[in-house]
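Just so you know, these numbers use all the heavy atoms, side chains as well, and skip hydrogens, waters and symmetry mates.
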Amino acid sequence: AATNQSSVSTDYCSCLKITDQSEQKIGCTIFCERLEDHPKIFQTGDIVRMHRVKVKLYNNSLTLVNTSGFSVVTFHGTVGGAVEPRTSSKTFHFDEDDRRTVEELRSWAASQTLLPSVSAAVPLSAVQPSTYFDLTCQLLAKATVDTTCTLLRVWDGTRCPHPLLKVIVDPNVTEGASSFSKQKESLIANVLVYDNHVEFARQLKVRVQRILTAHYGVKLGP
């Protein structure tokens, strides 16, 4: 499990809870100034390899924290998936022993009940109110609503059967098209991104970016 938030300093803070075949769970707190230096974790069950962490005692529990020279590589945790490292590090070592370790962790995790099942991405046409889901879509436009909120306008070619939230923003602050045909507009969903996720949303590129928004909730509106 993982969360990411801004700390009281200029650093971003990621909080992880990790485990392995020992079945011992331990927390991990990572402070990095650059968001891209944090673990690129897409979902619970991803595999993470960290360099330069140390053990500290916090609230009578052991926790891992990053130190100078910290780097991290993550992998998708699904059995049979491609073993593709995700990292901002320009140089890292990864050989057949590392690949075997990733596969072993995948197989072990699949046999456990430690991890919640991860639902497959659903199209807009299949979403239901008051539920959470994964959505794979194309970013058509984005706009800054205020300092804590960014609007993403997305579509996947299907029509949501429920009324979605309408958001009006100044066309002058919109990146991408500010209006679409009536037919296309009926297929577009507005996604509001808040707080510590805003920085990531600002990095998305309009029209060429396919994004996976995990645990996205439907907001009904007039």
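- Scanning all heavy atoms of the two residues, the minimum distance from Lys142 to Leu204 falls at NZ-O, 2.6 Å.
- For Ser71 (side chain) and His51 (main-chain N/O), no donor-acceptor pair under 3.5 Å exists by modelled atom type.
- Once rounded to the nearest 0.5 Å, the distance linking CG of Asp11 with CD1 of Ile30 reads 12.0 Å.
- Taking NE2 from His162 and OG from Ser125, the interatomic distance works out to 10.0 Å, rounded to the nearest 0.5 Å.
- No donor-acceptor distance shorter than 3.5 angstrom exists from the side chain of Thr144 to the backbone of Asp146, with no hydrogens or angles considered.
- Taking both residues in full, the closest heavy atoms of Thr63 and Ile26 are given as CA-CG1, 4.1 Å, listed atom of the first, atom of the second, then distance.
- A distance of 4.5 Å separates CZ of Arg153 from CG of Asn190, quoted to the nearest 0.5 Å.
- Under the 4.5 Å side-chain heavy-atom criterion for grouping Ile, Leu, Val, Met, Phe, Trp and Tyr, Leu151 is connected to Tyr194 within one hydrophobic cluster.
- When all heavy atoms are compared, the tightest approach of Ser88 to Arg34 is OG-NH2, 4.4 Å.
- Side-chain heavy atoms closer than 4.5 Å link hydrophobic residues (I, L, V, M, F, W, Y) into clusters, and following such links, possibly through other members, connects Val206 to Val193.
- In plain terms, the two heavy atoms of His38 and Val72 that are nearest each other are C-CG1, 4.1 Å.
- The closest donor-acceptor contact from the side chain of Asn66 to the backbone of Phe31 lies under 3.5 Å.
- For Phe200 and Tyr12, the distance between ring centers is not under 6.0 angstrom.
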Item to complete: Carefully, step by step, assess Val73 and Ser89 under the rule side chain to side chain contact (heavy atoms under 4.5 Å, CB included).
Response: CA-CA 8 Å; Val73 184; Ser89 175; 5.8 Å; no

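- Taking both residues in full, the closest heavy atoms of Lys40 and Thr87 are given as NZ-C, 3.9 Å, listed atom of the first, atom of the second, then distance.
- Residues Leu124 and Leu135 form a side-chain contact, since some pair of their non-hydrogen atoms from C-beta on lies under 4.5 Å apart.
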request  = Check the pair Leu16 / Ile41 against side chain to side chain contact (heavy atoms under 4.5 Å, CB included), numbers first and verdict last.
outcome  = CA-CA 10 Å; Leu16 316 178; Ile41 295 174; 3.6 Å; yes

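- Phe94 and Val48 are assigned to two separate hydrophobic clusters, defined by single-linkage of ILVMFWY side chains at heavy-atom distances under 4.5 Å.
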- Task: Go through the steps to decide whether Ile18 and Met50 satisfy the test side chain to side chain contact (heavy atoms under 4.5 Å, CB included), and finish with yes or no.
- Result: CA-CA 11 Å; Ile18 58 178; Met50 294 179 287; 3.8 Å; yes

Under 3.5 Å, side-chain donor or acceptor atoms of residues 173-180 against the rest of the protein: list the pairs with distances, not counting sequence neighbours.
| unit_1 | atom_1 | unit_2 | atom_2 | d |
| --- | --- | --- | --- | --- |
| Thr174 | OG1 | Asp170 | O | 3.3 |

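- The number of heavy-atom neighbours closer than 6.0 Å to NZ of Lys56, taken from other residues, nucleotides and ligands shown, is 12 or below.
- Around CD of Gln21, the count of heavy atoms belonging to other residues, nucleotides or ligands within 6.0 Å exceeds 12.
- Of the possible polar contacts, one joining the Ser186 side chain to the Gln183 backbone as a donor-acceptor pair under 3.5 Å is found.
- At a threshold of 4.5 Å between side-chain heavy atoms, the hydrophobic network of Ile, Leu, Val, Met, Phe, Trp and Tyr places Leu62 and Phe70 in one connected group.
- By the neighbour-count criterion of 12 heavy atoms within 6.0 Å, atom CZ of Arg202 is densely surrounded, having more than that number from other residues, nucleotides or ligands.
- The environment of CG in Leu57 is crowded: more than 12 heavy-atom neighbours from other residues, nucleotides or ligands sit within 6.0 Å.
- Salt bridge annotation for Arg100-Glu103: absent, with no cationic side-chain nitrogen under 4.0 angstrom from a carboxylate oxygen.
- For the atom pair CG (Leu35) and OG (Ser14), the distance works out to 7.5 Å, reported to the nearest 0.5 Å.
- When atom types are taken as modelled, the side chain of His93 and the backbone of Asp98 share no donor-acceptor pair closer than 3.5 angstrom.
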Working note: Asp156 + Thr158, criterion side-chain hydrogen bond (donor to acceptor under 3.5 Å, both in side chains); need CA distance, chi angles, decisive distance, verdict. CA-CA 6 Å; Asp156 66 358; Thr158 68; 2.7 Å; yes

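- Under the 4.5 Å side-chain heavy-atom criterion for ILVMFWY residues, a single connected hydrophobic cluster contains both Phe75 and Leu105.
- Residues Lys182 and Glu185 are not paired through a salt bridge, judged by the lack of any N-O separation under 4.0 Å between the basic side chain and the carboxylate.
- Arg86 and His76 get closest at one heavy-atom pair: NH1-N, 3.6 Å.
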